[in-house]
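Each chain gets a letter, A, B and so on, in the order the sequences are listed, and its residues count up from 1. These numbers were taken from a predicted model, which means no experiment stands behind them.
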Amino acid sequence: MKKNDLIFIGIIFVAIFVVMILMKTVFLNNGEVVEILIDGKLQETFSLEENQEYMIETKGDFNKLIIEDGKAYIEDASCPDRLCVQQKSIKLSGESLICLPNKVVVRISGKSTEIDAFAN
Amino acid sequence: MTKQISYLSLFTAFAIVLSYVEILIPFNFGIPGVKLGLANFIILLALYYMGIKQAILINVARIIIIGFLFGNLFSILFSLSGAIFSLFFMFLIKKTKMFSIVSVSVIGGIMHNVGQLVIAAFVVETYSILYYIPILIIAGLITGLLLGIVTNLVKDKIKYILRQV
């Protein structure tokens, strides 16, 4: 392990901190709404405060979304790998649950991200 | 020529076994895309003892076979994109000759995760999943570092076996 390696790893650490600080301005506030995107398009919005059970349906496939106690998670899905079901529940703005085979993204938004989307 | 093919097959088989072991270990943090990357051990050795073309060949073969055995078309696509990303940067870092195999492994681990996340963002057409980039960079750094240290220890010991390649 040469000295250059340690410098390299040090630079990466610094880069991580920089990225995380930049991201705190956009993400990581407490979430308010749950947005469901299919194929990149916003289909449904729910409040994080209201307990819900919602079946996301996509061309013969499904993801069962549960909103409970201010958290959202996927309980069941039709995709072959079911990675979305294994993902931890989300509640912070910016966090998301992803089902790649079904092209479904469930993400948490706060008021700040919604305003950003309208800048033209 | 046959010696090359024999060693390529041997390395590929080893990489497949490492991938299989990785699948057996429940490395689940609930975050999409975090991997142990054990097969990179072979890819690193191939990169240093054979060359970039051979490393690409072994990696692609391993991904396709593991994909057919344990995954699906989607997983092959994502693994391949992560691998191409990672091999590209590993090759660059190695070419500068300024860093040891540990850094090559680190950049490989990081870029594999980042590459997969970027492709995933394209597929679901959402930029918000890029929120996970810092965590994936950290995970890639740690796994790459540990694997790099292990590979570094082994690399010179097996030089006598592989010098004929």
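- Exactly one of B:Val102, B:Ile93, B:Val104 qualifies for a side-chain contact (heavy atoms from CB on, under 4.5 Å) with A:Phe8. That residue is B:Ile93.
- Considering OG of B:Ser103 and CD1 of A:Ile11, their distance stands at 9.5 Å, rounded to 0.5 Å.
- Contact tally against chain A (heavy-atom pairs below 4.5 Å) for B:Pro134, B:Ala120, B:Gly71: the top residue is B:Pro134.
- Within 6.0 Å of atom CG in B:Leu73, 12 or fewer heavy atoms from other residues, nucleotides or ligands are found, so the atom counts as exposed in its surroundings.
- Between the A:Asp5 side chain and the B:Ser100 main chain, a donor and an acceptor come within less than 3.5 Å of each other.
- In the hydrophobic clustering of this structure, B:Phe122 does not group with B:Ile84; members are Ile, Leu, Val, Met, Phe, Trp, Tyr whose side-chain heavy atoms approach within less than 4.5 Å, directly or through other members.
- Residues B:Met50 and B:Leu44 fall within the same hydrophobic cluster, defined by Ile, Leu, Val, Met, Phe, Trp and Tyr side chains chained together at heavy-atom separations under 4.5 Å.
- The neighbour count for B:Phe14 CZ, taken as heavy atoms of other residues, nucleotides or ligands under 6.0 Å away, does not exceed 12.
- For A:Asn4 against B:Met98, the heavy-atom pair with the smallest separation is ND2-O, 2.6 Å.
- The part of B:Ile110 that comes within reach of chain A is its side chain, from C-beta onward, which places non-hydrogen atoms under 4.5 angstrom from that chain.
- One hydrophobic cluster, built from ILVMFWY side chains closer than 4.5 Å, cannot hold both B:Leu69 and B:Leu80; they sit in different ones.
- Only the side chain of B:Leu141 comes within contact range of chain A, with at least one heavy atom under 4.5 Å from a heavy atom of that chain.
- In this structure, CD1 on A:Ile9 lies 4.5 Å from CG on B:Leu145, to the nearest 0.5 angstrom.
- Around atom CZ of B:Phe68, no more than 12 heavy atoms belonging to other residues, nucleotides or ligands sit under 6.0 Å away.
- In the hydrophobic clustering of this structure, A:Ile98 does not group with A:Ile66; members are Ile, Leu, Val, Met, Phe, Trp, Tyr whose side-chain heavy atoms approach within less than 4.5 Å, directly or through other members.
- The neighbour count for A:Lys71 NZ, taken as heavy atoms of other residues, nucleotides or ligands under 6.0 Å away, does not exceed 12.
- Both the backbone and the side chain of A:Leu100 come within contact range of chain B, with heavy atoms under 4.5 Å apart.
- Only the side chain of A:Phe13 comes within contact range of chain B, with at least one heavy atom under 4.5 Å from a heavy atom of that chain.
- In this structure, B:Tyr132 contributes its side chain and A:Ser96 its backbone to a donor-acceptor pair below 3.5 Å.
- The CE atom of A:Met20 sits 12.5 Å away from the CD1 atom of B:Ile133 when rounded to the nearest 0.5 Å.
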Please report the C-alpha distance between B:Phe74 and A:Cys79 in whole Å, then the side-chain angles of each, then the deciding distance to 0.1 Å, and finally whether the side-chain contact (heavy atoms from CB on, under 4.5 Å) criterion is met.
-> CA-CA 11 Å; B:Phe74 259 106; A:Cys79 51; over 6 Å; no
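- Under a hydrophobic-cluster definition in which Ile, Leu, Val, Met, Phe, Trp and Tyr are linked whenever side-chain heavy atoms come within less than 4.5 Å, directly or via other members, A:Ile108 and B:Ile135 are assigned to the same cluster.
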